[in-house]
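Note sheet for the following structure.
Chain identifiers are assigned alphabetically (A, B, ...) following the order of the sequence lines, protein sequences preceding nucleic acid strands; residue numbering begins at 1 within each chain.
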Number of protein chains: 2
Amino acid sequence: MFLSTYESKIDAKNRVSVPASFRKALGGDDVICVWPSFGKNKNCLEGGSKKLVNNLYKSIRKMKPMDPRRQALEYGILGECKELQFDGAGGRIVLPQKFLDSAGITGEVAFVGLGERFEIWSKEALEAKRAEFIELAADSGEMIESLDLDFDFDDEDVA
Amino acid sequence: MFLSTYESKIDAKNRVSVPASFRKALGGDDVICVWPSFGKNKNCLEGGSKKLVNNLYKSIRKMKPMDPRRQALEYGILGECKELQFDGAGGRIVLPQKFLDSAGITGEVAFVGLGERFEIWSKEALEAKRAEFIELAADSGEMIESLDLDFDFDDEDVA
DNA sequence: CATCAATTCCCATGGTATCCCTAATTATCG
DNA sequence: CGATAATTAGGGATACCATGGGAATTGATG
């Protein structure tokens, strides 16, 4: 499970360190999947394990062929997704220039863990985004307690 | 179940002892999850077991993708939550500097048990907060008696 | 076939976080 | 009240991680 936010730098070769905890969450996988987010006001990259993309693919195949949502997912994710390999023991990946451009990333990036997927933001863009939703957020305690958290949990469900 | 309030000090390495009773409430888990509260006037950290976060995650996944509450929870909790490991047998965790800053914590902290979750306050901030509550609280006896306490209680339900 | 550019691989280093051992304080029990 | 255990707190050594640079490899081009 990807959690928390980590900041990291991109070097002249477009290399970036994937946070160690994210690598652990991959459970030994030596690849990671990344694609540009196509949400309206989400100027970032998204990513996850190979398994996540596989599951996504399975879900897509269950949708009706002409469903516009299906097409959006097919072209937006499967069609754009890159399987990036870690550089040796360093735990770095190389982000394609095209991806960096589309997310407006230059020097510093932030990895944001969101459960079974994560997002990669330009550091500044993320700060702006955060300010935006904190406005919207009510009291987090209330929000938590409004949820049904009282059920048994099976660890197998979440990596 | 996290109950009561305990005070504790932060050392130069940002280490803090988690109250023994809280550790027992975790039932042998060697990690604890903490994130900054994003409520408007809640200048503290929140935390709970890994299981709590997992359940939270499951609840979030049931919400509509574009629900602003969902995004607030995703970015506010999952995106911020750190899985902190206990330092050996000592029962201490290291709080990230960022967290301390956001909660205005310097030297002394207070753990406040709230059932499934707990809060970590700067000692002074909590005292101020308490004074505020006591202002608001009318007759606490009446308040307790207004609750529905007439049900069977099963110890198993609460860790 | 030679040259240049781009990418991949490998090692080096500085900083940080983790682990381990020890002392002081507090709680528990006889 | 005294003795023992458990918890909290402090400091040093170690391992890990993020990052930088250089060498080797590949691929494209003339």
### Task
Quick one: label B:Ser17 by what it contacts on the DNA or RNA (base, sugar-phosphate, nothing), any heavy atom closer than 4.0 Å.
sugar-phosphate

### Query
C:dC20 C1' sits how many Å from B:Gln85 CD, rounded?
15 Å

#### Entry: Spacing between B:Asp87 atom CG and C:dC20 atom P, to the nearest angstrom
10 Å

### Task
Write down the distance between CZ (A:Phe22) and P (D:dC17), rounded to a whole number of angstrom.
15 Å

### Message
Between P on D:dT7 and CG on B:Asp11, what's the gap in Å once rounded to a whole number?
### Response
19 Å

### Query
Does B:Glu46 come within less than 4.0 Å of B:Arg117, counting only side-chain N to carboxylate O?
yes

### Task
Scan B:Val18 against the nucleic acid and name what it touches under 4.0 Å (heavy atoms): base, sugar-phosphate only, or nothing.
sugar-phosphate

### Centroid-centroid under 6.0 Å between B:Phe111 and B:Phe2 rings
no

## Note on the structure
Taken to the nearest whole Å, NZ/A:Lys98 to C1'/C:dT7 is 18 Å

### Task
Could you tell me whether the side chain of A:Lys13 has a donor or acceptor atom within less than 3.5 Å of a complementary atom in the base of C:dT7?
no

### Task
Kindly assign one of parallel, tilted or perpendicular to the pair B:Phe22 and B:Phe118, based on the angle between their ring planes and the thresholds 30° and 60°.
tilted

### Message
I need the CD1-C1' distance between A:Ile93 and C:dC9, as an integer number of Å.
### Response
17 Å

### Message
Whether A:Ser8 contacts D:dT19 is assessed here as follows: a side-chain N or O lying under 4.0 Å from the phosphate OP1 or OP2. Is that the case?
### Response
yes

### Query
Between C:dC20 atom C1' and B:Phe86 atom CZ, what is the distance in whole Å?
18 Å

### Task
Check every atom of D:dG21, D:dT8, D:dG11 against the side chain of B:Arg15 and return the nucleotide holding the closest atom.
D:dG11

#### Entry: Residue pair A:Tyr6 / A:Ser17, side-chain donor-acceptor N/O under 3.5 Å
no

### Task
Taking all heavy atoms of B:Gln71 and all of B:Pro65, pick out the closest pair and write down the distance.
NE2-O, 3.9 Å

#### Entry: Length of the CZ-C1' vector between A:Arg92 and C:dA12, whole Å
12 Å

### Message
With a 4.0 Å cutoff (strictly under), does any side-chain N or O of A:Arg23 reach OP1 or OP2 of D:dA18?
### Response
yes

